[in-house]
Amino acid sequence: MPPSSAAASDTTFDAARPYRLNPCVALRPEPFGALAYHFGNRRLSFLKAPELVELVRGLDRHPSVGHALAGLPDARRGAFLRALASLAAADMIIPQRSGTGARS
């Protein structure tokens with residue numbers, strides 16, 4: 001059954017929208033990438049590549065997730081897109097409000 005509330009539809013990951021790291025999330029660098037800890041929901045996520053950590057930290061500088069992924073090799077885009085969708089589902093990254101984000 002499709003979601004019936006606006007709040008439920010806001011949780012759908014959309015690569016055409018701009019995202020940013022949730023301010024409730026701390027990233028701790030690790031040799032494999034980073035640990036992401038959400039102080040609100042107490043979830044822990046593993047970012048398993050240093051390039052993914054850089055991408056997540058810089059999401060707010062891009063007009064969309066698609067633009068943020070444009071600099072990656074084609075072979076890695078799908079994996080990174082799935083990782084970002086997972087981070088969005090865990091509330092680690094959140095959509096930016098209209099009028100914020102990157103400047104072209």
Side-chain angles (χ1 to χ4, degrees):
M1 182 184 320
S4 58
S5 72
S9 65
D10 286 345
T11 61
T12 302
F13 181 71
D14 180 1
R17 293 182 69 185
Y19 279 75
R20 66 184 176 102
L21 185 64
N22 188 324
C24 295
V25 173
L27 295 179
R28 185 177 89 184
E30 294 290 339
F32 57 81
L35 293 174
Y37 181 75
H38 192 299
F39 287 94
N41 62 24
R42 298 167 44 190
R43 292 185 106 172
L44 182 66
S45 294
F46 296 88
L47 282 68
K48 298 179 182 176
E51 301 87 0
L52 179 58
V53 177
E54 289 178 39
L55 179 68
V56 168
R57 284 191 173 147
L59 278 176
D60 62 345
R61 294 190 304 259
H62 298 277
S64 71
V65 169
H67 280 89
L69 293 170
L72 293 173
D74 291 341
R76 304 224 39 206
R77 283 188 197 145
F80 278 39
L81 186 59
R82 287 187 297 277
L84 291 172
S86 178
L87 290 170
D91 201 32
M92 297 290 181
I93 61 172
I94 56 174
Q96 292 190 59
R97 296 179 195 264
S98 298
T100 63
R103 292 177 268 294
S104 295

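Just so it is clear, the model here is predicted, and its values are computed rather than measured.
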Show your working on side-chain contact (heavy atoms from CB on, under 4.5 Å) between Arg43 and Tyr37 and close with a plain yes or no. CA-CA 6 Å; Arg43 292 185 106 172; Tyr37 181 75; over 6 Å; no

Check against side-chain contact (heavy atoms from CB on, under 4.5 Å), Leu35 and Leu44: CA-CA 7 Å; Leu35 293 174; Leu44 182 66; 4.1 Å; yes

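Of all the heavy atoms in Gln96 and Asp60, the pair that sits closest is NE2-CA, 3.2 Å. Contact record, Ala34 with Val53: CB-CG2, 3.5 Å, taken as the closest heavy-atom pair.
Residues Tyr19 and Leu84 have side chains not in contact (no heavy-atom distance under 4.5 Å, counting atoms from C-beta outward).
Taken from CD1 in Ile94 to CZ in Arg17, the straight-line distance is 10.5 Å, to the nearest 0.5 Å.
In this view, Ala36 and Val25, Leu27, Ser45, Leu47, Met92 satisfy the side-chain contact (heavy atoms from CB on, under 4.5 Å) rule, not counting sequence neighbours. Glu54 is linked by a side-chain contact (heavy atoms from CB on, under 4.5 Å) to nothing, counting only residues two or more places apart in sequence or in another chain.
Leu21 and Leu87 fall within the same hydrophobic cluster, where Ile, Leu, Val, Met, Phe, Trp and Tyr residues are linked whenever their side-chain heavy atoms come under 4.5 Å apart, directly or through other members.
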Atom pairs and distances, side-chain donor-acceptor, residues 64-73, under 3.5 Å, sequence neighbours left out:
from	atom 1	to	atom 2	distance (Å)
Ser64	OG	Gly66	N	3.4
Ser64	OG	His67	N	3.1
Ser64	OG	His67	ND1	2.8

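Between the side chain of Arg82 and the backbone N or O of Gly78, at least one donor-acceptor pair lies under 3.5 Å. With hydrogens and angles ignored, the 3.5 Å screen pairs a side-chain donor or acceptor of Asn22 with a backbone N or O of Asp91.
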